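Inspection log for the structure reproduced underneath, given as structure tokens.
These figures come from a predicted structure and were not determined experimentally.
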Amino acid sequence: MTETPPLTPQDLDDFLSKARAASALLKALSHETRLLMLCILCQGEKTVGEIEQFLGIQQAVVSQQLARLRSDEVVQTRRSGRQIYYRIADPQLAELISVLYKMYCGPKPEAEGGAEAVAEPLA
């Protein structure tokens with residue numbers, strides 16, 4: 001087993017900066033409505049109306065949560081005429097959301113023998 005070289009002050013500053021960024025992202029993801037919206041946006045660009053219809057929640061709530069995601073630079077927008085389309089800003093984040101979707105929301109794989117596997121949520 002090889003030993004890890006000691007951290008330099010510059011390495012530590014870099015780690016701290018990355019930890020702050022990861023913490024900010026996780027805070028944005030920690031709200032269930034925002035996480036649901038990101039799961040929807042993982043499938044492609046959507047308007048506020050499309051997200052509202054899919055989730056069955058009021059437009060004001062959708063807009064408020066999208067504003068938070070936008071201020072956290074998690075989503076970006078594109079205007080087409082009067083419509084504003086939202087999308088996930090970072091392809092790596094889209095990949096992370098996709099993994100979370102598969103873990104918690106996607107169809108469960110079948111176990112051997114044809115019985116459905118039961119996936120336990122992480123504690």
Got a sec, which pairs hit side-chain hydrogen bond (donor to acceptor under 3.5 Å, both in side chains) with one end in residues 81-93, sequence neighbours left out? Gln76-Arg87
Name all residues meeting the side chain to side chain contact (heavy atoms under 4.5 Å, CB included) criterion together with Leu25; count only those two or more places apart in sequence or in a different chain, and write none if there are none. Leu29, Val74, Leu93
At their closest point, which heavy atom of Glu50 faces which heavy atom of Lys46, and how far apart are they? OE1-CA, 3.1 Å
Non-neighbouring partners of Lys27 that pass side chain to side chain contact (heavy atoms under 4.5 Å, CB included), sequence neighbours left out: Ser23, Arg68
If you look at every heavy atom in Ala94 and Cys42, which pair is closest and at what distance? O-SG, 3.1 Å
Sequence neighbours excluded, which residues qualify as side-chain hydrogen bond (donor to acceptor under 3.5 Å, both in side chains) partners of Thr8? Asp11
Determine, step by step, whether Arg78 and Ser80 satisfy the side-chain contact (heavy atoms from CB on, under 4.5 Å) criterion, reporting the C-alpha distance in whole Å, the side-chain angles of both residues, the deciding distance to 0.1 Å, and the verdict. CA-CA 7 Å; Arg78 175 183 65 85; Ser80 178; 3.7 Å; yes
Inter-residue atom distance Ile84.CD1 - Thr47.OG1, 0.5 Å rounding: 10.0 Å
Mind checking what makes salt bridge (Lys or Arg N to Asp or Glu O under 4.0 Å) contact with Arg34, not counting sequence neighbours? none
Hey, could you give me the CG/CD1 distance between Leu41 and Ile51, rounded to the nearest 0.5 Å? 4.5 Å
Who passes side-chain hydrogen bond (donor to acceptor under 3.5 Å, both in side chains) against Asp13, sequence neighbours left out? none
Test side-chain contact (heavy atoms from CB on, under 4.5 Å) applied to Glu52 and Gln58, step by step: CA-CA 6 Å; Glu52 174 189 358; Gln58 296 178 349; 5.7 Å; no
Return the set of residues passing side-chain hydrogen bond (donor to acceptor under 3.5 Å, both in side chains) with Gln59 (not counting sequence neighbours), or none when no residue passes. Ser63
Note, Leu35 side chain near Ile97 side chain (heavy atom, < 4.5 Å): yes
Between SG on residue Cys105 and CG on residue Leu36, distance to nearest 0.5 Å: 7.0 Å
Working to the nearest 0.5 Å, report the span between CE of Met37 and CG of Leu66. 4.5 Å
Distance-only check: which donor-acceptor pairs under 3.5 Å involve side-chain atoms of residues 14-21, not counting sequence neighbours?
| residue | atom | partner | partner atom | Å |
| --- | --- | --- | --- | --- |
| Asp14 | OD2 | Lys18 | NZ | 3.3 |

Spacing of CD belonging to Gln53 relative to CD1 belonging to Ile40, to within rounding of 0.5 Å: 10.5 Å
How many angstroms lie between atom NZ of Lys102 and atom SG of Cys39, to the nearest 0.5 angstrom? 12.0 Å
What residues form a salt bridge (Lys or Arg N to Asp or Glu O under 4.0 Å) with Arg70, not counting sequence neighbours? none
Should Phe54 and Tyr101 be counted in the same cluster of Ile, Leu, Val, Met, Phe, Trp and Tyr side chains packed under 4.5 Å apart? no
